[in-house]
Amino acid sequence: MDTKSVKGTYGYLDRNRVQAWKRATLMLSVPVIIFLAAWVLHGTRENVMTVVAIVGCLPGCNQAVRAIMAGRYHSMEKALWERTEEARGDLPVLYENVFTSYEVNYYVDCIAVSGREVVGYSSDNGLDAAKAAEHIRTMLKNSSYKQNVKILKEEKAFLERIRSLSEHGTEPAPFQGDDRYPGCTRDEIIVHLLMAISL
């Protein structure tokens, strides 16, 4: 399996952008071909297949919007991924996250989960780390999981924090299972929820 096509893995955003444009091109080319074929066969654009082609453009236009959104973000630097992989130990880490809200999108290069701790790093200079952390905290709380969320802007501080969490861990949070995610640990559920709120 190609891990680059899986959300939360290194290279996902670049792969997603390419796939989104391929899907948009394919979905828009079908109605265009239908329109042109009907025009050639009937000798006029005024036929029922023109309406079919126009309506058929709607899914392709929707996919084009997704492709444009995907084009705004690029994969993280490979060197950062390698340093994070080295520091994280057994901690679950999600890479290349774009957390969406009604007002703004938050790009977080890496985010690690350990007990009640969620620690992220963002290389985006325009990111308001406090607002990003509050948004993620609120979204997790809405799913009944209270987490301490911190988004760091300094790579060194982030790597030191996840190295510390990996080596020493955190106090385990009380957890009796969740019927929505049978068989999953608390950390695995937090990872699933983070992926669900990310592009």
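Closest of all the heavy-atom pairs between Q147 and V118 is NE2-CG2, 3.4 Å. In this structure, A112 and V93 approach most closely via the heavy-atom pair CB-CG2, 3.8 Å. The heavy-atom pair separating E188 from G183 by the smallest distance is OE1-O, 4.1 Å. Minimum interatomic distance between G120 and V108 (heavy atoms only, all atoms of both residues): CA-CG1, 4.2 Å. In terms of heavy atoms, L13 sits closest to S75 at N-OG, 3.7 Å. Taking each heavy atom of N105 and S101 in turn, the nearest pair found is OD1-N, 3.9 Å.
Counting heavy atoms from C-beta outward, L26 and K22 have side chains that stay 4.5 Å or more apart. Looking at E117 and K150, their side chains never come closer than 4.5 Å, going by heavy atoms from C-beta outward. In this structure, the side chains of Y95 and E85 come closer than 4.5 Å at one or more pairs of heavy atoms.
Think of W39 as one node in a network of Ile, Leu, Val, Met, Phe, Trp and Tyr side chains linked at under 4.5 Å; its network also takes in V32, F35, L36.
Checked by atom type and distance alone, the side chain of E155 never pairs as donor or acceptor with a backbone atom of Y121 at under 3.5 Å. Looking only at distances, a side-chain donor or acceptor of R180 sits under 3.5 Å from a matching main-chain atom of S143. A donor-acceptor pair under 3.5 Å is absent between the side-chain atoms of N97 and the main chain of F99, judged by distance alone. Here the side chain of D187 pairs a donor or acceptor atom with the backbone of G115 at under 3.5 angstrom. Judged by distance alone, with hydrogens and angles left aside, the side-chain atoms of S164 form no donor-acceptor pair with the main-chain N or O of E160 at under 3.5 Å. Here the side chain of S166 pairs a donor or acceptor atom with the backbone of R88 at under 3.5 angstrom.
Rounded to the nearest 0.5 angstrom, I151 CD1 and Y107 OH are separated by 12.5 Å. One distance of note links SG of C110 with CG of L159; it measures 7.5 Å at 0.5 Å rounding. Separation of atoms CD (E134) and NZ (K141) is listed at 8.5 Å; rounding is to 0.5 Å. Distance check, rounded to the nearest 0.5 Å: NE2 of H42 to CG of N47 gives 4.5 Å. Going from atom CD of E154 over to atom OG of S122 covers 13.0 Å, rounded to the nearest 0.5 Å. Of the inter-residue distances, the one linking D124 atom CG with Y73 atom OH reads 8.0 Å to the nearest 0.5 angstrom.
In D90, the CG atom is not crowded: 12 or fewer heavy atoms of neighbouring residues, nucleotides or ligands sit closer than 6.0 Å. Counting non-hydrogen atoms of other residues, nucleotides and ligands closer than 6.0 Å to NZ of K153 gives a total above 12. E77 CD: 12 or fewer foreign heavy atoms inside a 6.0 Å radius. For E167, the CD atom counts as densely surrounded, since its 6.0 Å shell holds more than 12 non-hydrogen atoms of other residues, nucleotides or ligands.
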Let me see the working for H74 and R17 under side-chain contact (heavy atoms from CB on, under 4.5 Å), right down to the final yes or no.
CA-CA 8 Å; H74 299 280; R17 184 177 65 253; 3.1 Å; yes
side-chain contact (heavy atoms from CB on, under 4.5 Å) between I136 and I111: does it pass, once the steps are laid out?
CA-CA 11 Å; I136 295 167; I111 196 159; 4.1 Å; yes
Show me, pair by pair, the donor-acceptor contacts under 3.5 angstrom made by side chains of residues 50-67, not counting sequence neighbours?
unit_1, atom_1, unit_2, atom_2, d
T50, OG1, R45, O, 2.4

What donor-acceptor contacts under 3.5 angstrom involve side-chain atoms of residues 190-199, with partners at least two apart or in another chain?
unit_1, atom_1, unit_2, atom_2, d
S198, OG, V98, N, 3.1
S198, OG, V98, O, 3.4

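A centroid separation of less than 6.0 Å is found between the aromatic rings of Y106 and H135.
Note on E103 versus K131: no salt bridge recorded, every NZ/NE/NH1/NH2 to OD/OE distance being 4.0 Å or above.
Clustering ILVMFWY residues whenever any of their side-chain heavy atoms sit less than 4.5 angstrom apart, transitively, puts Y10 in the very cluster that holds L80. Under a hydrophobic clustering in which Ile, Leu, Val, Met, Phe, Trp and Tyr are joined whenever their side-chain heavy atoms come within less than 4.5 Å, directly or via other members, M27 and M49 fall into different clusters. When the side chains of ILVMFWY residues are joined at heavy-atom separations under 4.5 Å, either directly or via intervening members, W21 and V18 end up in two distinct hydrophobic clusters.
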